[in-house]
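Have a look at the structure below, then the notes.
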Protein chains: 2
Amino acid sequence: MTKNTWTQIKDQLTTDIRSGRLSAGDQLPTEPQLVARFGVGRHSVRKALEALAREGKLSIEQGRGTFVNATPRLTYQIGKRTRLRRNLIPQGVTVSSQLLDAGRIHAPENVSQSLHLDPGALVVHSQRITSANDVPVAFGSSYYCAARFPDFVERRDTLGSTTEAIRSYGIADYFRKSTSMHSRTASAEEARTLRQHPDVPVIVVHAVDASPDGTPLSCSRVIWSAARVTFTMEHSDD
Amino acid sequence: MTKNTWTQIKDQLTTDIRSGRLSAGDQLPTEPQLVARFGVGRHSVRKALEALAREGKLSIEQGRGTFVNATPRLTYQIGKRTRLRRNLIPQGVTVSSQLLDAGRIHAPENVSQSLHLDPGALVVHSQRITSANDVPVAFGSSYYCAARFPDFVERRDTLGSTTEAIRSYGIADYFRKSTSMHSRTASAEEARTLRQHPDVPVIVVHAVDASPDGTPLSCSRVIWSAARVTFTMEHSDD
DNA sequence: CGTGATTTGTACGTATGTATA
DNA sequence: TTATACATACGTACAAATCAC
């Protein structure tokens, strides 16, 4: 039953993490140290570490070292009343959100279609990154019709939540209209933004939110770290 | 702007695939041939091939060769009326489904909970693999209460679809009650079943179906090849 | 049915580049 | 600037799976 060298190393490290002998934030021994400890070549050590990084258990940082991730996988519920903060905060994590970029742009085609706007209409674009317990879990762009929500970004920042910002425009409630998601490999830049290994996949979520009468309010494209989240959907009527 | 050796090789092969110089089903040159052609070491070639396999563009088979995948990404719509065949067939693909295993077992805890059965109650378990255009896209297990659907597997096989089998028990319609999904790396066995490289991620979908009055009928756990599918959800009332 | 040739998988060695502290 | 730690890239050898004969 003796398997691969690198699989054995991976399994050993996995049990070390699960048993708590290696705990969140800990730095692993360096590659040369692991080579010595396991009595194998560097390739095998690196292959094991790479696999664990892909599973989200480790983060490998060039020049610094390799660290154990604190990854209680988040649960994100998608439904008609999808709300980011209400979703994550009850799980006992600290949610923080940071504005990366904002501005007015002419809507790309898929955005103008989703929002039922004329091609090239002005939209308010903003890019945010969301962290749970200071670990980045997702980042992405959202688009609002500039005519209807001219200063959306400012209000969102002042009020601290999307729900409140929308309400400030006199819209009491909004609903998730459609969602699509797929998995792919992260680009180098996405991996850096999410502070994850380049080989960890990401889940791309496209969403459209609408007011109760069905008018589209906003659309978004959010990139989630696949290792850090589980999505659930309830299809009950509510 | 000269990047990595292996990234350049990957990009070159990607454009070859996109431009049609390499088309679906084609066998790539062998590793030694690629080494000669690009004038690089085998490590670099393998790293490029591995990355492309993770993206689902190639399938690498030990002892046979490396082949270009025919992967028009499927779209799978999840909603209250989720139906596998009705979902895929309109996309112009040939859907085939093969029974891998079937039998009666005592329900594992999560199954008995999902189906509102007593712990250890008998359930009909079956494991199927689903292929689109003869490429495996998903496989998984489904569980039906044995008391209510004693010969479900036989009927499903005779009638050729789950919807028909359920109807044969006098249940005119059924609905998706809940869905949860997350991404993780495939085990070696899962990768083999899906004929994909071990490093390609999979998406695990847990679902519960119920009759119109809300009584759970079945639950399932299906493992999708992450590179071969996009999930969409409509949250309209329908 | 086995046997050898082909092809990918694993493993080891060594050297040099690059990011970080 | 120097030392440290991971990243890339070259090489070699043998193992394991597949296939044709």
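Naming: A, B, ... by sequence-line order, numbering from 1 per chain.
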Open item on the list: Is there a side-chain contact between B/Lys47 and the phosphate of D/dA9, meaning an N or O under 4.0 Å from OP1 or OP2?
Closed with: no
Task: Atom-to-atom span, CG of B/Asn4 to C1' of D/dA7 - whole angstrom - done: 8 Å
- [ ] Take atom CG of B/Leu28 and atom P of C/dT7, then tell me their distance rounded to the nearest Å.
- [x] 13 Å
Open item on the list: Side chains of A/His43 and B/His43, heavy atoms from C-beta outward: is any pair under 4.5 Å?
Closed with: yes
TODO: Measure the NE2-OG1 distance between B/His197 and B/Thr66 for me, rounded to the nearest 0.5 Å.
DONE: 8.5 Å
- [ ] Could you check how far CZ of B/Arg195 sits from P of D/dA17, rounded to whole Å?
- [x] 18 Å
- [ ] Give the rounded distance in Å between these two atoms: CZ of B/Arg46 and P of D/dA13.
- [x] 17 Å
Task: Phosphate contact (C/dA11 OP1 or OP2) by A/Thr5 side-chain N/O below 4.0 Å - done: yes
Open item on the list: What is the separation between atom CZ on A/Arg192 and atom C1' on C/dT18, rounded to the nearest whole Å?
Closed with: 14 Å
Open item on the list: Side-chain N or O of B/Arg42 versus OP1/OP2 of D/dG11: is the shortest distance under 4.0 Å?
Closed with: no
Task: Aromatic ring proximity, centroids under 6.0 angstrom, B/Trp224 and B/Phe139 - done: no
TODO: Take atom CD1 of A/Ile60 and atom P of D/dT8, then tell me their distance rounded to the nearest Å.
DONE: 11 Å
- [ ] Determine yes or no for a side-chain-to-main-chain donor-acceptor pair under 3.5 angstrom, with B/Gln33 supplying the side chain and B/Thr30 the backbone.
- [x] yes
Task: Distance below 4.0 Å between A/Ser44 side-chain N/O and C/dT10 OP1 or OP2 - done: no
Task: A/His43 NE2 - C/dT14 P separation (whole Å) - done: 12 Å
Open item on the list: Working note: A/Ile223 + A/Ile203, criterion side-chain contact (heavy atoms from CB on, under 4.5 Å); need CA distance, chi angles, decisive distance, verdict.
Closed with: CA-CA 6 Å; A/Ile223 310 227; A/Ile203 296 177; over 6 Å; no
Task: No-hydrogen, no-angle side-chain donor-acceptor test under 3.5 Å, A/Thr75 and A/Thr230 - done: no
- [ ] Take atom CZ of A/Phe38 and atom C1' of C/dC12, then tell me their distance rounded to the nearest Å.
- [x] 17 Å
Task: Sole residue of B/His125, B/Arg128, B/Arg221 in side chain to side chain donor-acceptor pair (under 3.5 Å) with B/Ser141 - done: B/His125
Short N/O separations, protein against nucleotides 3-5 of chain D, under 3.5 angstrom:
none

